[in-house]
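When a ligand or atom number is given, it counts from 1 through the structure's own listing order. All residue numbers in this chain count up from 1 along the given sequence.
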Amino acid sequence: MLNEKKIVLVTGASRGIGQAIARRFAKEGYAVVMHYHTGRLQAEQTAAELQAQGACVLLQQADIRDSQQVQTMIETVQRQWGNIDILVNNAGIGQQKLFTDITDTEWRNMFAVHVDGTFYCSRAVLPAMISRKAGCIINISSMWGQIGGSCEVHYSAAKGAIQGMTKALAKEVGPSGIRVNCVAPGVIRTEMNRLLDEETWAALKEETPLECVGNAADIANMVYFLATEEASFITGQVIGVNGGIVI
Ligand code: NAP
């Protein structure tokens, strides 16, 4: 059933941006590993929908804060399907809080999900990519990691770390034929922003040159492009998809 399909693993594909990325790759004929953490039902529904359209989909559950769970997930995919061609490190959490109110646990959790998770997943897929001298890693950061977000210092710091990781890793694995890039979305309507009120949405639109917020498909389109041959000379970049906010 897999034939010669390329394999993409998308973390946090149960909903939002990750789900849109999984949909986009499935539409383009990739075999898609949809990772989820707690959103089993949503992930299963999307997988069933994509499979009904003829896509190859494999569901994988893991808490990406846990190195062993990530390792087991990657080994399971490699055993069942083979080597992963493209890794999209998308899973993430948000939290808005005054800096002085952030607890030790909240600070560590923010870094565990974003920074540790991206590290664990990338480290687990790289040996096979290096031995094949091919592969592509795309990290999802945030505009706030570039310009800093008030009341989101831990989130901004963790997303900034992902940008540093992208640039350094791209240099290290470029000679092995592997590209590593980062997409930094602006404000996107997803579950993550469910607590924002309409007044805040209006203010965010006003601050954006295109006078609108983005949707998950806007990010999926860029991620897909970065995975293709058309992006073969692009690596180590942080690419903003944010409606025109100039960094
Ligand atoms: P979302 O709708 O809240 O989805 C988050 C995803 O991350 C879910 O699939 C969730 O899995 C997964 N996840 C959370 N904690 C996890 C953990 N410990 N282990 C494994 N998976 C975990 O968020 P989104 O808006 O689509 O955001 C996706 C990415 O884009 C995030 O990295 C976010 O920081 C970034 N981003 C979002 C925006 C925005 O405005 N929405 C802007 C810039 C950047 P389960 O549901 O299965 O638990």
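Considering Gly18, Ser141, Ser14, Ala91 only, the shortest heavy-atom separation from atom 9 (O) of ligand 1 involves Ser14. Within the set Ile219, Leu204, Asn193, Ile64, the minimum heavy-atom distance to atom 39 (C) of ligand 1 is found for Asn193. Taking each of Ile140, Asn90, Asn89 in turn, the one with a heavy atom nearest to atom 31 (C) of ligand 1 proves to be Asn90. Taking each of Gly94, Ser142, Ala112, Gly186 in turn, the one with a heavy atom nearest to atom 42 (C) of ligand 1 proves to be Gly186.
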side-chain contact (heavy atoms from CB on, under 4.5 Å) evaluation trace for Ile219 with Asn90: CA-CA 11 Å; Ile219 307 308; Asn90 163 79; over 6 Å; no

side-chain contact (heavy atoms from CB on, under 4.5 Å) between Ile234 and Asn181, intermediate numbers included: CA-CA 8 Å; Ile234 302 176; Asn181 285 295; 3.6 Å; yes

Asn139 vs Thr118, side-chain hydrogen bond (donor to acceptor under 3.5 Å, both in side chains): CA-CA, chis, key distance, verdict: CA-CA 7 Å; Asn139 298 324; Thr118 299; 4.9 Å; no

Criterion side-chain contact (heavy atoms from CB on, under 4.5 Å) on Ser141 and Val238, from CA distance to verdict: CA-CA 8 Å; Ser141 175; Val238 177; 5.5 Å; no

Candidate pair Thr11 and His37, rule side-chain contact (heavy atoms from CB on, under 4.5 Å), full reasoning: CA-CA 9 Å; Thr11 68; His37 180 216; over 6 Å; no

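More than 12 heavy atoms of other residues, nucleotides or ligands shown are found within 6.0 angstrom of CD on Gln53. Residue Arg40 places its CZ atom among 12 or fewer non-hydrogen atoms of other residues, nucleotides or ligands, all under 6.0 Å distant. For Lys97, the NZ atom sits in a packed shell: over 12 heavy atoms of surrounding residues, nucleotides or ligands are nearer than 6.0 Å.
Contact record, Leu169 with Val180: CG-CG2, 4.0 Å, taken as the closest heavy-atom pair.
At least one N or O atom of Gly92 sits closer than 3.5 Å to an N or O atom of ligand 1. Considering backbone and side-chain N/O atoms, Met143 never comes within less than 3.5 Å of an N/O atom of ligand 1. Between Gly12 and ligand 1, at least one pair of N/O atoms sits closer than 3.5 Å. On a distance-only criterion, Tyr36 and ligand 1 share no N/O pair closer than 3.5 Å. Between Ile188 and ligand 1, an N or O atom pair is found at a separation short of 3.5 Å. Not a single N or O atom of Val187, backbone or side chain, sits closer than 3.5 Å to an N or O atom of ligand 1.
Within the 4.0 Å heavy-atom cutoff, Trp144 does not count among the residues contacting ligand 1. The closest approach between His35 and ligand 1 falls below 4.0 Å for a heavy atom of the residue. A heavy-atom separation below 4.0 Å is found between Lys159 and ligand 1. Contact analysis leaves Gln61 out of contact with ligand 1, as no non-hydrogen atom separation drops below 4.0 angstrom. Remark: distances from the non-hydrogen atoms of Ala62 to ligand 1 include one below 4.0 Å. Heavy atoms of Ala43 stay at 4.0 angstrom or farther from ligand 1.
We find that Glu75 and Arg79 are not joined by a salt bridge, their nearest charged nitrogen and carboxylate oxygen being 4.0 Å or further apart.
When non-hydrogen atoms are compared, ligand 1 lies under 4.0 Å from the backbone of Thr38 as well as from its side chain. No part of Arg189 comes within 4.0 Å of ligand 1, judged by heavy-atom distances.
Side chains of Gln95 and His154: a donor on one and an acceptor on the other come within 3.5 Å.
With hydrogens and angles disregarded, no donor-acceptor distance shorter than 3.5 Å links the side chain of Asn221 to the backbone of Asp218. Side chain of Asn193 to main chain of Arg189: no donor-acceptor pair is present (N/O by atom type, distance under 3.5 Å, no hydrogens or angles).
Atoms of ligand 1 lying under 4.0 Å from at least one heavy atom of Asp63, given by number and element, are 17 (C), 18 (N), 19 (N). In summary, the atoms of ligand 1 found under 4.0 Å from a heavy atom of Gly16, numbered by their order in the structure, are 2 (O), 26 (O). Counting atoms of ligand 1 from 1 in the listed order, those under 4.0 Å from a heavy atom of Gly39 are 45 (P), 46 (O), 47 (O), 48 (O).
Looking only at protein heavy atoms, the nearest one to atom 41 (N) of ligand 1 is Thr190 OG1, 3.1 Å. Scanning all protein heavy atoms for the shortest distance to atom 2 (O) of ligand 1 gives Arg15 NE, 3.0 Å. If you check which protein heavy atom lies closest to atom 23 (O) of ligand 1, you get Met192 CE, 3.5 Å. Nearest protein neighbour of atom 37 (C) of ligand 1, counting heavy atoms only, is Ile17 CD1, 3.7 Å. Counting only heavy atoms of the protein, atom 15 (N) of ligand 1 lies nearest to Ile93 CG2, 3.7 Å. Shortest contact from atom 16 (C) of ligand 1 to any protein heavy atom: His37 ND1, 3.8 Å.
With a 4.5 Å cut-off on side-chain heavy atoms, Ile140 and Val223 count as touching. Taking the side chain as every heavy atom from C-beta outward, Val187 and Trp201 approach each other to under 4.5 Å. In this structure, Asn89 and His114 have side chains that are not in contact, with every pair of non-hydrogen atoms separated by 4.5 Å or more.
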